[in-house]
Number of protein chains: 2
Amino acid sequence: MTPPSRRATRATRTDALTNRARILAVAGEAFAAPSEASGAPGASGVSGVSGVSMTAIAKLAGVGVGTLYRHFPTREALIVELYHQEIQKVIDLAHTLAADLPPLEALRRWFEEVARYGKLKYGVSEVIHAATNGGLDDKNYEPFLRAIAVLLDAGTASGDLKPGIEPEDVLLQLSVLWRIPPSDNGTARAARVLALILDGLRTRPANP
Amino acid sequence: MTPPSRRATRATRTDALTNRARILAVAGEAFAAPSEASGAPGASGVSGVSGVSMTAIAKLAGVGVGTLYRHFPTREALIVELYHQEIQKVIDLAHTLAADLPPLEALRRWFEEVARYGKLKYGVSEVIHAATNGGLDDKNYEPFLRAIAVLLDAGTASGDLKPGIEPEDVLLQLSVLWRIPPSDNGTARAARVLALILDGLRTRPANP
DNA sequence: GCAGGTAGCGGAAGGGCTTCCGCTTAATCT
DNA sequence: AGATTAAGCGGAAGCCCTTCCGCTACCTGC
């Protein structure tokens, strides 16, 4: 039954690669641009990601929808891919902070960074939500968890954080941050919630 | 300009009332039933709310889509209305617990109840999400907040909880609970997260 | 009862995401 | 170079939520 020849699969077609690249480029631009200032009343269009349809992206890239979906099986998949680099930065930061700062301070700073990142581009919520929820099929999920684990371990070792906290649980709690609406005084609210989360993770001094 | 006559508005048409009632009845049944065991491969169909389209509901109720939307301007609106009673029960429970139990215990029990409620019908997440997020146009939002406020106040008065916690922030944190996937060991996970949240709200004994 | 007027009705239509499948065409083999 | 073959392409089609608007039929005042 089909013995493996020297090459199991053909090389990826060059036009496919080109298309993929162009799609990413176009989508990046489209998502970055503030939502069109046209008269359309329907869309909320906070800014960024929202309001650009898959069809629109396909058209901009000069490919059919089918092609777009061949490369990115889902809207979320496309977004995740786009922001992969930025997410990686956040993940790297966790390792840096864990190495350079006292555990509690490192965690606090990292949380703040995560909050700021989420606020900056509200649409990114979709990314992290994707990078968070299912997790099963997302290449950002594992590294993100490991980053949290590193921070937690440092805190546990120093006795500042409770032992045995599951990184997944922390990620779940963090996911709340990108559901805070951006307008309002979202920053203040995020700060308050962060403080609550952090205190929940800390060890608790003995009662009198 | 338009002086108010004895009746500012006409009485609601009887057929409209009938339709509204039938829609609610039908939707209740449809949402309650486990998703059809047909061969459709697309839907995830965890159970309950998901997988029943507005069009389907309209058809089942024997009305046009327009009518459905006249009564419930949004899918969420319909769901919120359906589960209004059950949500009310949870809200009432908060007041009862606050009156009958030590503050911390009351809060803990209520959190657990909320978690259980969310787990029972996974689709309900949509409700509470609606009852939570926007809040602006949802009649469940305010009472829910007040329920939390009561529990918090009791805890603050007794010195068990930090003063000045915003009920909205707590609700936001709780909203995490109905994003926990049901299968798995969701119960255990919910318990862990709840404990973290609760500890975050408690006062912190002075450091040595 | 009957005429009037408006609340309510129905369903076509618009826009979105995703799937499907026949046709093209680049990579590979001879 | 020519033949072969499957990866890749394009866009129609299906399903969803929601909006819009002409027509109907139910309350109301006479």
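Proteins get letters first, then strands, A, B, ... in listed order; numbering begins at 1 in each.
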Next on the checklist: So if I apply the side-chain contact (heavy atoms from CB on, under 4.5 Å) rule between A/Leu107 and each of A/Leu151, A/Ile148, A/Asp160, which one comes out positive?
Outcome noted: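 For A/Leu107, the side-chain contact (heavy atoms from CB on, under 4.5 Å) check succeeds only for A/Leu151.
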
Next on the checklist: Both B/Gly66 and A/Arg20 contact DNA chain D. Taking the nearest nucleotide for each, which residue is further toward the 5' end?
Outcome noted: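 Its nucleotide being nearer the 5' end, the pick is A/Arg20.
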
Whole-Å gap separating [atom2] ([N]) and [atom1] ([X]):
X: B/Arg22; N: C/dC9; atom1: CZ; atom2: C1'; result: 12 Å
X: B/Phe72; N: D/dC17; atom1: CZ; atom2: P; result: 15 Å
X: B/Lys59; N: C/dG10; atom1: NZ; atom2: C1'; result: 13 Å
X: B/Leu68; N: D/dC20; atom1: CG; atom2: P; result: 16 Å
X: B/Glu76; N: D/dC17; atom1: CD; atom2: P; result: 12 Å
X: A/Leu17; N: D/dA7; atom1: CG; atom2: C1'; result: 12 Å

Item to check | Base C/dA7 paired with B/Arg13 side chain (donor-acceptor, <3.5 Å) | outcome: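 Between C/dA7 and B/Arg13, which were checked side chain against base, a qualifying N/O pair under 3.5 Å is present.
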
If the cut-off is 4.0 Å, is [X] near the phosphate of [N], judged by side-chain N/O to OP1 or OP2?
X: A/His71; N: D/dG8; value: no
X: B/Thr67; N: C/dG10; value: yes
X: B/Thr14; N: D/dC27; value: yes
X: B/Thr74; N: D/dT18; value: yes
X: A/Arg10; N: C/dT28; value: no
X: A/Asn19; N: D/dG8; value: no

Checklist entry - Given the rule in the side chain to side chain donor-acceptor pair (under 3.5 Å) test, do A/Gln173 and A/Asp169 qualify, once you have shown the distances and angles that lead to the verdict? => result CA-CA 6 Å; A/Gln173 286 196 273; A/Asp169 293 347; over 6 Å; no

Checklist entry - What pair of heavy atoms forms the shortest contact from A/Ala154 to A/Pro103, and how long is it? => result O-CG, 3.6 Å

Checklist entry - So, for B/Leu104 and B/Arg202, which heavy atoms are closest and what is the spacing to 0.1 Å? => result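 Looking at all heavy atoms of both residues, the closest pair is CD2-NE, 3.6 Å.
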
Checklist entry - Is A/Glu29 atom CD crowded by more than 12 heavy atoms from other residues, nucleotides or ligands, each under 6.0 Å away? => result no

Next on the checklist: With a sphere of 6.0 Å drawn around CD of A/Glu105, does it hold more than 12 non-hydrogen atoms of other residues, nucleotides or ligands?
Outcome noted: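 Counting neighbours around CD of A/Glu105, more than 12 heavy atoms of other residues, nucleotides or ligands fall under 6.0 Å, so yes.
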
Contacts under 3.5 Å, N or O only, protein and nucleotides 13-16 of chain C:
none

Item to check | Minimum side-chain heavy-atom gap B/Lys162-A/Asp199 below 4.5 Å | outcome: yes

Checklist entry - From C/dC9, D/dC17, D/dC9, pick the nucleotide closest to the side chain of B/Arg70? => result C/dC9

